[in-house]
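Working notes for the structure below.
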Amino acid sequence: MGSCSPGEKQVRILVVDDNPSVRRYLRGILEQCTNWKVCDEARNGQEAVDRFRQIRPDLIVLDFQMPEMNGLEAARIIHRISPETPILILTLYLSKQLSAEARKAGARGACAKTDISSVVNGVGALLRRETYFQNT
């Protein structure tokens, strides 16, 4: 894949999903882009908020459905703390309603986690300061 976003600056990404296999898979896909680096991972929304406060990543890839705190709740809190940080919500079943809720929560994008090209395209769009709401 090579360089997937403009500029040579290393982009630090926080990946949040309750499934360790999905986190590993996302890390592998995202780090194929030479200037993207997964700087940390979290297993649920509360952990995502805590990790965000500690490391302040450049971008967050956040699963929607997780235990303890879901992705929309975590997105709302993180957006309140740092409105400029781009958040991409991932879900198995993307709907217009979920995309609308993600937008309201402060996420700049939402896509199906099963469509890896849309995940990469979504991260790229957010890094260009665009929005990315797949199929809406």
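A quick note: this is a predicted structure, and the numbers were derived from the prediction, not measured.
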Those residues that, when tested against T91, pass side-chain hydrogen bond (donor to acceptor under 3.5 Å, both in side chains) (two or more places apart):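 For T91 there are no side-chain hydrogen bond (donor to acceptor under 3.5 Å, both in side chains) partners, ignoring immediate neighbours.
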Using side-chain hydrogen bond (donor to acceptor under 3.5 Å, both in side chains) as the criterion, list what pairs up with D50, not counting sequence neighbours.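 Result, side-chain hydrogen bond (donor to acceptor under 3.5 Å, both in side chains) vs D50: Q46.
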Compile the donor-acceptor pairs under 3.5 Å between side chains in residues 13-23 and protein atoms, sequence neighbours left out, one pair per line.
from, atom 1, to, atom 2, distance (Å)
D17, OD1, N19, N, 2.8
D17, OD2, K113, NZ, 2.7
N19, OD1, S21, N, 2.8
N19, OD1, V22, N, 3.4
S21, OG, R24, NH2, 3.4
R23, NE, E41, OE1, 3.0
R23, NH1, D17, O, 2.7

Interatomic distance, [X] atom [atom1] to [Y] atom [atom2] [nearest 0.5 angstrom]:
X    : Y    : atom1 : atom2 : result
S117 : I29  : OG    : CD1   : 10.0 Å
L88  : L127 : CG    : CG    : 10.0 Å
I116 : Y25  : CD1   : OH    : 4.0 Å
R108 : L126 : CZ    : CG    : 6.5 Å
H79  : I60  : NE2   : CD1   : 11.5 Å
Q65  : L92  : CD    : CG    : 8.0 Å

Listed by chain and number, what are the salt bridge (charged side-chain N to carboxylate O under 4.0 Å, His left out) partners of E68, not counting sequence neighbours?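 For E68, no residue satisfies salt bridge (charged side-chain N to carboxylate O under 4.0 Å, His left out) once neighbours in sequence are set aside.
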Please list, chain by chain and in numerical order, all residues satisfying salt bridge (charged side-chain N to carboxylate O under 4.0 Å, His left out) with R51, sequence neighbours excluded.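 Scan of R51 (salt bridge (charged side-chain N to carboxylate O under 4.0 Å, His left out), adjacent residues dropped) gives D40, E47.
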R12 backbone acceptor or donor facing D58 side chain under 3.5 Å: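 Flag set: sc D58 to bb R12 pair under 3.5 Å.
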Sidechain-backbone polar pair: R128 side chain, G124 backbone, donor-acceptor under 3.5 Å: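 Answer holds: yes.
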Would you please say whether a donor-acceptor pair under 3.5 Å links the side chains of Q134 and D115?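 Yes, D115 and Q134 have a side-chain donor paired with an acceptor closer than 3.5 Å.
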Which residues pass the side-chain contact (heavy atoms from CB on, under 4.5 Å) test with [X], not counting sequence neighbours?
X    : result
A107 : I87, I89, A102
K37  : Q10, R27, E31
S82  : F52, R56, E84, T85
R80  : R76, I77

Of all heavy-atom pairs between S99 and L94, which one has the smallest distance, and what is that distance?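 Reported closest heavy-atom pair: OG-CD1, 3.5 Å.
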What is the minimum heavy-atom distance between S118 and C111, and which atoms define it?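 Here S118 and C111 meet closest at OG-CB, 3.6 Å.
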Could you go through the side chain to side chain contact (heavy atoms under 4.5 Å, CB included) check for K9 and N35 one step at a time? CA-CA 7 Å; K9 178 185 174 281; N35 55 338; over 6 Å; no
Within 45° of the axis and under 6.0 Å from the centre of the six-membered ring of F133, does NZ or CZ of R103 qualify?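 Pair R103/F133 counts as cation-pi.
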Can L90 and V119 be said to form a side chain to side chain contact (heavy atoms under 4.5 Å, CB included), step by step? CA-CA 8 Å; L90 301 184; V119 175; 3.8 Å; yes
